[in-house]
Asks: 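Would you mind keeping the following structure in view while I ask a few things?
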Amino acid sequence: MAARPRVYRAEGVVLRRRNLGEADSILTVFSGSEGKFEAIAKGVRKARSRMRGHLEPLTRSRVLVAHGRSLDVFTQAETVDAYRRLREDLDASAEALYCLELVDRFTEEREPLPELYALLVNALELLEGGKGASVTRHFELRLLALLGYEPHIDGCVACGDRLPEEETLLSPSAGGLVCRECRPEAGGGRIVSVPVIKLLRFARRATAAEFAAVGIPPEVQRELRTAIAELVRYHLDRDPNARRFVEGVSALDKGE
Amino acid sequence: MPEAGAPEPIARLIQEFSKLPGIGPKSAQRLAYHVLRAPEDDARALGQALADVKERVVLCESCFNITVSDPCALCDDEQRDRTLVCVVEQPLDVLVVERTGGFRGLYHVLHGSLNPIDGVGPEQLRIQELLRRVEAGAVAEVIMATNPSLEGEATSMYVQRLLQPLGVRVTRLARGLPSGADIEYMDDLTLSRALEGRQEL
């Protein structure tokens, strides 16, 4: 039997940190090659640790990881991008944390999802560039699509009929838009406006940058956020924790 | 699980010790038998200390540091500058800042930092209490001394935004190189901030 290599390399974004014992941490990293994985960073909470700072949550790092008996161990870490401007902006940090939590909650360990990784890195870069909540909306929709939860929005998900250009029911449980006739059997959902439907369709073919460049009026932005939040809640069976923080921060902004 | 064969009081003590962080069943056993063999006075002192820590230690109503008297000795000290408030995450951080001897203001202990992903929001911290303290008017400067981590920074920015309308000065600790560190292994964030904060030699 060929020996398994003792170490492997990965490049990923640190999603979260849990402290372990006196000076160690367990970090969850989402990488392109390995997917999501956990490993121990020994002594990383000591002031003189060489890896400290390279393994903070919301840092993109190149790491070298050794296979351990139960958990793998980081042996080297080097920052690729610390997203400094992102960290120094409260609104952008909140959006970014929400994206990290989505990735953490929607993915399984050791399941490589290179497209989702590219999407995340791209979203973080755009958030750092001050692109705001539209980036998160695009990220949510593309994440759902990549993981097979894309809502059906080209016609009625129940009967397949073409949909007239009007307010339509978006039903998470039915899996997409539902025409008037099928509405009674569709289960729950929310009526969404024409601009929201157009944005849902546009997000499928637009890059995050293109999507973020669209000027969306605040009320449409709010409606889109709620509609997508319901899709996310349906598939996760809960709301991500960070959503409350995003809302709390933007409430502060308005001086509430 | 009570140890087979150990008399009930010892088994109970082992059980209690094993609830402490970092104490496994073997260590708990060793500690319990040590207490058994130790002089009775030592055992009583330990018991008393354990009881006191829960009965006598309270949170200061002003700064939320742990204390045996409310207000705490620091808040009660007339010599200290009441216009300066240093905001820290944990009671232990107060001791560390005090040890530097370079700060003569008051403190405010948040009891944690914002961790949106784990669901720790502003309402779980003593943030509203800080807001009320500043609203009361005597404070001229709030120094954010939260950890230079993602959570700590988010907490500082959040507090800054919350206090902004009150017109109080909000500052934070400088970021730089720790003593004894290697530049070679320094992360970009720390190094770039250290470069910006460079000082005349």
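All values derive from a computational prediction rather than experimental measurement. A, B, ... follow the sequence lines: proteins, then strands. Residue 1 opens every chain.
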Asks: Under a 4.5 Å cut-off applied to non-hydrogen side-chain atoms, are A/Asn241 and B/Ile117 in contact?
Replies: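 When only atoms from C-beta onward are counted, B/Ile117 and A/Asn241 do not touch, as no gap falls below 4.5 Å.
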
Asks: Pick from A/Val246, A/Leu100, A/Asp89: which one has the most heavy-atom pairs with chain B under 4.5 Å?
Replies: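 When all of A/Val246, A/Leu100, A/Asp89 are compared, A/Asp89 has the most.
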
Asks: Quick check on the interface: out of B/Gly22, B/Pro178, B/Gly121, B/Gly180, who has the most heavy-atom pairs with chain A under 4.5 Å?
Replies: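 Most heavy-atom pairs within the cutoff with chain A belong to B/Gly180.
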
Asks: Between A/Asp91 and chain B, which part of the residue has a heavy atom less than 4.5 Å away: side chain, backbone, both or neither?
Replies: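 Both backbone and side chain.
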
Asks: With a 4.5 Å heavy-atom cut-off, do A/Glu88 and B/Arg193 have their side chains touching?
Replies: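 Answer yes - side chains close enough.
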
Asks: Does A/Lys36 have more than 12 heavy atoms from other residues, nucleotides or ligands lying within 6.0 Å of its NZ?
Replies: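 Correct, the count exceeds 12.
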
Asks: Step through the shown structure and confirm whether more than 12 heavy atoms of other residues, nucleotides or ligands are within 6.0 Å of CZ on B/Arg82.
Replies: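 For B/Arg82, atom CZ is crowded (more than 12 foreign heavy atoms under 6.0 Å).
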
Asks: Please flag which part of B/Thr190 lies under 4.5 Å from any non-hydrogen atom of chain A: side chain, backbone, both or neither.
Replies: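 Contact with chain A: none, neither part.
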
Asks: Does CD belonging to A/Glu219 count more than 12 external heavy atoms closer than 6.0 Å?
Replies: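 Counting neighbours around CD of A/Glu219, more than 12 heavy atoms of other residues, nucleotides or ligands fall under 6.0 Å, so yes.
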
Asks: For A/Arg110, is the CZ atom crowded, meaning more than 12 foreign heavy atoms sit under 6.0 Å from it?
Replies: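 Yes, CZ of A/Arg110 has more than 12 neighbouring heavy atoms, counting only those of other groups under 6.0 Å.
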
Asks: Would A/Arg84 and B/Glu153 pass as an ion pair if we require N to O under 4.0 Å?
Replies: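 No.
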
Asks: Is the backbone of B/Asp188 close enough, under 3.5 Å, to the side chain of A/His54 for a donor and an acceptor to pair up by distance?
Replies: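 A pair under 3.5 Å: no.
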
Asks: Are there more than 12 heavy atoms of other residues, nucleotides or ligands under 6.0 Å from atom CD of A/Glu115?
Replies: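 No, not enclosed.
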
Asks: Counting only heavy atoms not in A/Glu109 (residues, nucleotides, ligands), do more than 12 fall under 6.0 Å from its CD?
Replies: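 Yes, enclosed.
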
Asks: Examine whether an atom of A/Arg105 lies under 4.5 Å from a heavy atom of chain B, and if so say whether it belongs to the side chain, the backbone or both; otherwise answer neither.
Replies: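 For A/Arg105, the side chain is the part near chain B, not the backbone.
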
Asks: Is any side-chain heavy atom of B/Asp118 closer than 4.5 Å to one of A/Arg16?
Replies: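 When only atoms from C-beta onward are counted, B/Asp118 and A/Arg16 do touch, with a gap below 4.5 Å.
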
Asks: Considering only heavy atoms and a distance below 4.5 Å, find which of B/Glu196, B/Gln160, B/Met186 pairs most often with chain A.
Replies: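 Of B/Glu196, B/Gln160, B/Met186, B/Glu196 has the most heavy-atom pairs under 4.5 Å with chain A.
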
Asks: Give a yes or no on whether a salt bridge exists between A/Arg50 and B/Asp182, defined as a side-chain N under 4.0 angstrom from a carboxylate O.
Replies: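 Counted as a salt bridge, because a side-chain N and a carboxylate O are separated by less than 4.0 Å.
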
Asks: Can A/Glu56 and B/Asp187 be said to form a side chain to side chain contact (heavy atoms under 4.5 Å, CB included), step by step?
Replies: CA-CA 10 Å; A/Glu56 269 282 295; B/Asp187 64 278; over 6 Å; no

Asks: Side chain, backbone, both or neither: which part of B/Glu151 has a heavy atom under 4.5 Å from chain A?
Replies: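 Side chain only.
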
Asks: Quick check for you: among A/Pro57, A/Ser93, A/Ser49, which has the greatest number of heavy-atom pairs under 4.5 Å with chain B?
Replies: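 Maximum pair count with chain B is reached by A/Pro57.
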
Asks: Can you tell if the side chain of B/Pro116 reaches within under 4.5 Å of the side chain of A/Arg243, non-hydrogen atoms only?
Replies: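 Of all side-chain heavy-atom pairs linking A/Arg243 with B/Pro116, none is under 4.5 Å.
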
Asks: Please report the closest heavy-atom contact between B/Tyr158 and A/Leu90, naming both atoms and the distance.
Replies: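 Closest approach of B/Tyr158 to A/Leu90: CA-CD2, 3.6 Å.
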
Asks: Once you round to the nearest 0.5 Å, how far does OH of B/Tyr185 lie from CD of A/Glu78?
Replies: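 That separation rounds to 10.5 Å.
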
Asks: In terms of heavy-atom pairs under 4.5 Å with chain A, which of B/Ser156, B/Ser149, B/Pro165 leads?
Replies: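 Ranked by contacts with chain A, first place is B/Ser149.
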
Asks: Taking atom CZ as the centre, does A/Arg233 end up with more than 12 heavy-atom neighbours from other residues, nucleotides or ligands that are less than 6.0 angstrom away?
Replies: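 Yes - once you tally the heavy atoms of other residues, nucleotides and ligands closer than 6.0 Å, there are more than 12.
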
Asks: Working to the nearest 0.5 Å, report the span between CZ of A/Arg87 and CG of B/Leu189.
Replies: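 A/Arg87 atom CZ to B/Leu189 atom CG measures 5.5 Å (nearest 0.5 Å).
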
Asks: Mark yes when over 12 heavy atoms from residues, nucleotides or ligands other than B/Arg104 sit less than 6.0 Å from its CZ; otherwise mark no.
Replies: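 It does: B/Arg104 CZ has more than 12 such atoms within range.
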
